[in-house]
S.K.: 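The structure follows.
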Amino acid sequence: MVGSVHVNGSVHGGNGTATEERLDELRRLLGKSEGDLLKIVSVGAGAWGSVFAALLQDAYGHFRDKVQIRIWRRPGRTVDRSTAEHLFEVINSREDVLRRLIRRCAYLKYVEARLGDRTLYADEILKDGFCLNMIETPLCPLKVVTNLQEAVWDADIVVNGVPSTETREVFDEISKYWKERISVPVIISLAKGIEASLDPIPRIITPTQMISSATGVPTENILYLGGPNIASEIYNKEYANARICGSNKWRKPLAKFLRQPHFIVWDNSDLVTHEVMGGLKNVYAIGAGMVAALTNESATSKSVYFSHCTSEMIFITHLLTEQPEKLAGPLLADTYVTLLKGRNAWYGQMLAKGELSPDMGDSIKGKGMIQGVSAVGAFFELLSQPSLSVQHPEENKLVALAELCPILKRLYRILIKRELPARDILQALRDETMNDPRERIEMAQSHAFYRPSLLGKP
């Protein structure tokens with residue numbers, strides 16, 4: 001296996017010839033001729049969007065006559081003094097990064113920013129390989145574009161790296177630049193989150209559906225990539241895997257194109273359900289963070305919470321698919337890694353410790369968008385709809401599905417209604433009237449629970 005070292009210290013894994021063959025194969029599939037660049041742009045520069053672009057740049061960026069990889073982020077975001085000081089420490093702790101900046105004549109501006117003599121901007125430091133939401137993990141230098149029209153108007157592959165709460169707005173704008181477009185782009189969405197549409201029929205709207213609705217790009221050309229992973233660890237070459245979900249035409253060649261020795265990409269046809277599951281685990285990760293902080297990391301309390309939250313997730317998956325057992329492994333794996341180190345669990349901890357409050361919003365400095373907050377509201381509002389009521393197993397009356405998910409209900413009252421403090425999440429575990437989690441799963445299995453209308457299916 002032959003690798004090539006880059007200026008940021010990263011190494012191209014695998015055989016260079018095989019890498020070029022994968023690139024050529026995708027170029028052929030997209031109809032690219034000799035001398036016609038394959039143009040890939042990542043829209044959004046959060047942690048995962050930036051790492052995704054950097055992984056592609058590391059793997060394929062040296063084929064300059066065949067591919068162009070760029071990332072878009074909004075201009076004007078300043079880097080505050082404390083972040084600039086921390087960034088300076090990171091730079092000086094990494095000899096490879098320090099040498100790279102000196103060689104590029106870029107080091108002096110970080111010295112000046114540390115001293116308060118200069119203001120740095122997020123798009124400026126991203127060009128040097130620093131993501132504002134992930135300062136401690138330097139990336140390779142990236143080609144940054146701050147004009148959205150310039151970034152996307154002729155892109156062959158667009159990666160959606162903006163949060164689900166911003167996806168509709170950004171792709172509404174992108175649609176204006178694609179009105180005269182002849183070729184249809186391929187879009188890979190990394191966003192995990194949902195919206196709820198309650199009229200005329202309650203249903204979930206996912207980021208890929210928002211993109212298709214905004215741009216008119218057929219769903220065949222829109223895919224979702226997700227998995228149990230932490231962005232910084234993937235870039236640091238920790239072994240990871242993910243699934244790319246969508247049409248057979250694109251998912252298999254893209255899985256092959258994205259695969260690297262340390263980042264294994266599988267493919268699956270069930271796009272929307274995997275996408276929804278990616279949003280669902282964020283809901284319960286927030287509660288897990290609260291419980292961990294409130295109980296001083298009690299293993300017993302965390303396991304009790306895990307038992308209840310997994311039963312609620314399994315309960316909800318029975319509503320969304322005829323074969324929920326196929327989702328059990330991916331959902332639990334994604335939930336597990338999020339509970340261990342994800343930003344949603346971190347957010348729950350900060351709320352419980354009083355270092356953050358729901359009133360501060362869900363866009364947090366140094367972390368980005370906490371997508372679990374909006375997902376709590378969407379799932380609860382959907383499951384509260386009278387048209388989705390079911391027979392209560394003991395009380396012989398119709399009840400809203402949300403009433404059978406006490407943790408989801410409690411999170412809604414803490415995060416959305418803001419009528420309960422974070423510590424009240426423990427009451428959901430200590431409620432003497434709460435049923436055995438097993439009974440909730442048995443109830444879902446014994447009823448005709450599957451509601452295809454929730455995913456917009458007939």
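All values derive from a computational prediction rather than experimental measurement.
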S.K.: Do other residues, nucleotides or ligands put more than 12 heavy atoms under 6.0 Å from the OH atom of Tyr336?
M.R.: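 Atom OH in Tyr336 is not packed in, count stays at 12 or less.
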
S.K.: If you draw a 6.0 Å radius around CZ in Arg168, do more than 12 non-hydrogen atoms from other residues or ligands fall strictly inside?
M.R.: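 Yes.
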
S.K.: Which residue in the set Arg181, Glu173, Lys179 passes side chain to side chain donor-acceptor pair (under 3.5 Å) when paired with Tyr177?
M.R.: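 Result: among Arg181, Glu173, Lys179, Glu173 is the only option passing the side chain to side chain donor-acceptor pair (under 3.5 Å) with Tyr177.
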
S.K.: Is the ring centre of Tyr412 less than 6.0 Å from the ring centre of Phe379?
M.R.: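 Centroid separation for Tyr412 and Phe379: 6.0 Å or greater.
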
S.K.: Would a distance-only check, ignoring hydrogens and angles, find a side-chain to backbone donor-acceptor pair under 3.5 Å from His262 to Ala240?
M.R.: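 Checked: no pair found.
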
S.K.: Closer than 3.5 angstrom, by distance alone: can the side chain of Asn221 be matched with the main-chain N or O of Val217 as a donor-acceptor pair?
M.R.: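 Not confirmed, Asn221 side chain does not pair with Val217 backbone.
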
S.K.: Does the pair Asp334 and Lys192 meet the rule for a salt bridge (Lys or Arg N to Asp or Glu O under 4.0 Å), with working shown?
M.R.: CA-CA 11 Å; Asp334 209 354; Lys192 295 179 177 180; 3.3 Å; yes

S.K.: Do Leu411 and Ile407 have side chains that approach each other closer than 4.5 Å (heavy atoms only, starting at C-beta)?
M.R.: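 They are in contact (side-chain heavy atoms under 4.5 Å apart), so the answer is yes.
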
S.K.: Just wondering, do Ile69 and Lys143 contact through their side chains at under 4.5 Å, heavy atoms?
M.R.: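 No; the side chains remain at least 4.5 Å from each other.
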
S.K.: Which distance, rounded to the nearest 0.5 Å, do you find between the OG of Ser213 and the CD1 of Ile205?
M.R.: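 Atom-to-atom, Ser213:OG and Ile205:CD1 are 8.0 Å apart.
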
S.K.: Is the side chain of Ser50 donor-acceptor paired with the backbone N or O of Ala47 at a distance under 3.5 Å, no angle test?
M.R.: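 Between the backbone of Ala47 and the side chain of Ser50 there is no qualifying donor-acceptor contact (under 3.5 Å).
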
S.K.: Please report the C-alpha distance between Glu166 and Arg74 in whole Å, then the side-chain angles of each, then the deciding distance to 0.1 Å, and finally whether the salt bridge (Lys or Arg N to Asp or Glu O under 4.0 Å) criterion is met.
M.R.: CA-CA 12 Å; Glu166 298 176 22; Arg74 294 181 179 91; 3.2 Å; yes

S.K.: Does anything in residues 119-165 form a ring-ring contact (aromatic ring centres under 6.0 Å, His included)? List the pairs, not counting sequence neighbours.
M.R.: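 Sorted pair list: Tyr110-Phe130.
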
S.K.: Could you check whether any side-chain heavy atom of Val90 comes within less than 4.5 Å of a side-chain heavy atom of Val97, counting everything from C-beta outward?
M.R.: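 No; the side chains remain at least 4.5 Å from each other.
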
S.K.: Working to the nearest 0.5 Å, report the span between CG of Leu142 and CD1 of Ile125.
M.R.: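 Answer rounded to 0.5 Å: 11.5 Å.
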
S.K.: What distance separates Ile244 CD1 from Leu271 CG, expressed to the nearest 0.5 Å?
M.R.: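 So the gap between those two atoms works out to 9.5 Å.
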
S.K.: Does some side-chain heavy atom of Ile314 sit less than 4.5 Å from a side-chain heavy atom of Ile316?
M.R.: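 Sidechains of Ile314 and Ile316: no contact.
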
S.K.: Look only at the side chain of Arg418 and the backbone of Arg413, and say whether a donor-acceptor pair between them is shorter than 3.5 Å.
M.R.: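 Between the backbone of Arg413 and the side chain of Arg418 there is no qualifying donor-acceptor contact (under 3.5 Å).
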
S.K.: Compute both the distance and the angle, then confirm whether Lys109 meets the cation-pi test with Tyr107: under 6.0 Å from the six-membered ring centre, within 45 degrees of the axis.
M.R.: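 No, Lys109 does not lie over the aromatic ring of Tyr107.
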
S.K.: So Leu37 and Val67, do their side chains get closer than 4.5 Å, heavy atoms only?
M.R.: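 Result no, sub-4.5 Å side-chain heavy-atom pair not found.
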
S.K.: As an exercise, state the distance from CG of Leu38 to CD of Gln68, rounded to the nearest 0.5 Å.
M.R.: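 Here the interatomic distance stands at 9.5 Å.
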
S.K.: Among residues two or more places apart or on two chains, list those pairs meeting ring-ring contact (aromatic ring centres under 6.0 Å, His included) that have a residue in residues 18-51.
M.R.: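 Residue pairs with at least one partner in residues 18-51: Trp48-Phe52.
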
S.K.: To the closest 0.5 Å, what do you measure between OG1 (Thr219) and CD (Gln209)?
M.R.: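 Nearest 0.5 Å value for the OG1-CD distance: 9.0 Å.
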
S.K.: So Phe449 and Phe315, would you call those rings parallel, tilted or perpendicular, with 30° and 60° as cut-offs?
M.R.: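 Ring orientation, 0 to 90° scale: perpendicular.
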
S.K.: Using modelled atom types and a 3.5 Å cut-off, is there a donor and acceptor pairing between side-chain atoms of Arg243 and backbone atoms of Gly226?
M.R.: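 Pair absent, no side-chain N/O of Arg243 close to backbone of Gly226.
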
S.K.: Hey, is the main chain of Phe380 close enough, under 3.5 Å, to the side chain of Ser384 for a donor-acceptor pair?
M.R.: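 A pair under 3.5 Å: yes.
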
S.K.: Taking the side chain as every heavy atom from C-beta outward, state whether Ile188 and Trp250 have any pair of such atoms under 4.5 Å apart.
M.R.: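 Heavy-atom side-chain distance check fails, nothing below 4.5 Å.
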
S.K.: Just by modelled atom types, is the Ala196 backbone N or O under 3.5 Å from a matching donor or acceptor in the Arg203 side chain?
M.R.: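 Not confirmed, Arg203 side chain does not pair with Ala196 backbone.
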
S.K.: Looking at Thr146, is its backbone amide N or carbonyl O close enough to the side chain of Glu150 to form a donor-acceptor pair, meaning the two atoms are under 3.5 Å apart?
M.R.: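 Such a contact is absent between Glu150 side chain and Thr146 backbone.
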
S.K.: Under 3.5 Å, is there a donor-acceptor pair between the Asp359 and Ser357 side chains?
M.R.: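 Judged by distance alone, the side chains do not pair up.
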
S.K.: Answer with yes or no whether the side chains of Glu220 and Ser247 bring together a donor and an acceptor at under 3.5 Å.
M.R.: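 No, no side-chain donor-acceptor contact under 3.5 Å.
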
S.K.: More than 12 heavy atoms of other residues, nucleotides or ligands under 6.0 Å from CD1 of Ile201: is that the case?
M.R.: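 Counting neighbours around CD1 of Ile201, 12 or fewer heavy atoms of other residues, nucleotides or ligands fall under 6.0 Å, so no.
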
S.K.: Show your working on ring-ring contact (aromatic ring centres under 6.0 Å, His included) between Tyr284 and Phe306 and close with a plain yes or no.
M.R.: CA-CA 9 Å; Tyr284 291 96; Phe306 192 71; over 10 Å; no

S.K.: List the steps and the verdict of side-chain contact (heavy atoms from CB on, under 4.5 Å) for Trp72 and Val152.
M.R.: CA-CA 9 Å; Trp72 170 84; Val152 303; over 6 Å; no

S.K.: Are His86 and Glu136 linked by a side-chain donor-acceptor pair shorter than 3.5 Å?
M.R.: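 Note: His86 and Glu136 side chains meet the donor-acceptor criterion.
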
S.K.: Could you please spell out the steps behind the side chain to side chain donor-acceptor pair (under 3.5 Å) verdict for Glu275 and Thr208?
M.R.: CA-CA 8 Å; Glu275 201 175 7; Thr208 60; 2.7 Å; yes

S.K.: For Trp346, does the six-membered ring have the charged nitrogen or CZ of Lys341 within the cation-pi criterion, i.e. under 6.0 angstrom from the centroid and within 45° of the normal?
M.R.: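 No, Lys341 does not sit over the ring of Trp346.
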
S.K.: If you take all heavy atoms of Thr167 and Pro207, which pair is closest and at what distance?
M.R.: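 For Thr167 and Pro207, the tightest heavy-atom pair comes out as CG2-O, 3.9 Å.
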
S.K.: Should Asp156 and Arg27 be marked as a salt bridge (Lys or Arg N to Asp or Glu O under 4.0 Å) after you check the CA-CA gap, both sets of side-chain angles, and the distance that decides it?
M.R.: CA-CA 10 Å; Asp156 300 294; Arg27 282 174 50 83; over 6 Å; no

S.K.: Quick one: do Arg73 and Asp123 satisfy salt bridge (Lys or Arg N to Asp or Glu O under 4.0 Å)? Show the steps, please.
M.R.: CA-CA 7 Å; Arg73 74 153 294 136; Asp123 57 287; 5.4 Å; no

S.K.: Distance from Leu454 atom CG to Thr321 atom OG1, nearest 0.5 Å?
M.R.: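 Reported value, rounded in 0.5 Å steps: 12.0 Å.
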
S.K.: Please evaluate residues Val158 and Trp178 with respect to the criterion side-chain contact (heavy atoms from CB on, under 4.5 Å), reporting the C-alpha separation (whole Å), side-chain torsions for both, the decisive distance (0.1 Å), and the verdict.
M.R.: CA-CA 12 Å; Val158 176; Trp178 284 352; 3.8 Å; yes

S.K.: Do Ser175 and Asp172 pass the side chain to side chain donor-acceptor pair (under 3.5 Å) test, and can you show the C-alpha distance, the side-chain angles, and the key distance before you say yes or no?
M.R.: CA-CA 5 Å; Ser175 69; Asp172 274 339; 5.0 Å; no

S.K.: After noting the C-alpha distance and the side-chain angles of Lys365 and Asp80, does the key distance pass the side-chain contact (heavy atoms from CB on, under 4.5 Å) rule?
M.R.: CA-CA 10 Å; Lys365 173 190 169 184; Asp80 62 43; 2.6 Å; yes

S.K.: Donor-acceptor pair, Asp36 side chain versus Lys32 backbone, under 3.5 Å?
M.R.: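 Not confirmed, Asp36 side chain does not pair with Lys32 backbone.
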
S.K.: With distance as the sole criterion, is a donor-acceptor pair present between the side chains of Thr273 and Asp270 under 3.5 Å?
M.R.: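 Yes, a side-chain donor-acceptor pair sits under 3.5 Å.
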
S.K.: Looking at side-chain heavy atoms only, is the closest gap between Leu383 and Leu319 below 4.5 Å?
M.R.: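 Side-chain contact under 4.5 Å: yes.
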
S.K.: Under a 3.5 Å distance rule, please check whether Arg259 uses its side chain to pair with a backbone N or O of Val265 as donor and acceptor.
M.R.: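 Yes, because the side chain of Arg259 sits within donor-acceptor range (under 3.5 Å) of the backbone of Val265.
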
S.K.: Looking at Arg114 and Glu89, is there a salt bridge between them, counting it only when a charged N and a carboxylate O are closer than 4.0 Å?
M.R.: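 No.
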
